[in-house]
Amino acid sequence: MVIKIGVSSCLAGHRVRYDGEDQRCLVVERELGLRFELIPICPEVGAGMPVPRPPIQIMQGGAGIRVCEVEDHAHDVTQQLRSYAQRLIAELEPELSGFVFKSRSPSCGIDDTPCFDEDGLQQLSVGAGLFAGMLKERFPLLPLIDEWKLEQPGQCRAFIRRVREYALTPLPGV
Ligand code: SF4
């Protein structure tokens, strides 16, 4: 049985970051690449954003969460990212048994992405990036980890175990 897990494309060595670089994570290849089929996904490039591109940030205001360019808050990419994420999550539904995310990213962070006020100046809190948050909401039991935690051997082993258990759990109604 082939078990598939998603991985933020930049961690898999793809040069898709806003600055045109990657964030290759050797632990992903060494510990997960031989055990699972890795599916690289970049929710920003998938949504049509170029490489390189202006950096974006999450902002919380009266209208709720927005994702905007750091240097130009009038350039709001929330809907562009959200629409793509909805389509992608629907496609991924039967496929994945886990996901390795890039920490602190406005799209991929699991729980440590900075969230700023509506002027984009003051950090209010930390939380999930847009795509990771939507994936968590849709699949609350899906095993997730970021590259920092993956680099800790105990957390890495626990993640591998959880992915295998999740893959063996029948989907509801099947
Ligand atoms: S959106 Fe995610 S996968 Fe794409 S560059 Fe940013 S952190 Fe990496």
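Just so you know, ligand 1 is whichever comes first in the structure, and atom 1 is the first atom listed for that ligand. Quick caveat, the model's predicted, so the values are computed rather than measured. Numbers here are sequence positions counted from 1.
Under the 4.5 Å side-chain contact rule for hydrophobic residues, Ile110 and Phe159 do not share a cluster. Using a 4.5 Å cut-off between side-chain heavy atoms of Ile, Leu, Val, Met, Phe, Trp and Tyr, with links allowed through other members, Leu141 and Leu135 fall into the same hydrophobic cluster. Tracing side-chain contacts under 4.5 Å through hydrophobic residues (I, L, V, M, F, W, Y), one never reaches Ile160 starting from Phe99; they form parts of separate clusters.
Of the heavy atoms in Arg53, only side-chain atoms (C-beta onward) come closer than 4.0 Å to ligand 1.
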Tell me which donor-acceptor pairs under 3.5 Å the side chains of residues 25-43 have, and how far apart each pair is, sequence neighbours excluded?
residue : atom : partner : partner atom : Å
Glu29   : OE1  : Arg24   : NH2          : 2.9
Glu29   : OE2  : Arg24   : NE           : 2.6
Glu29   : OE2  : Arg24   : NH2          : 3.2
Glu31   : OE1  : Arg35   : NH1          : 3.4
Arg35   : NH1  : Glu31   : O            : 2.6

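With hydrogens and angles ignored, the 3.5 Å screen pairs no side-chain donor or acceptor of Glu95 with any backbone N or O of Lys4.
Below the 2.8 Å limit, atom 2 (Fe) of ligand 1 has as protein N, O or S neighbours Cys108 SG.
Contact check on Lys149 versus Asp112 returns no salt bridge, with no Lys/Arg side-chain nitrogen under 4.0 Å from an Asp/Glu carboxylate oxygen.
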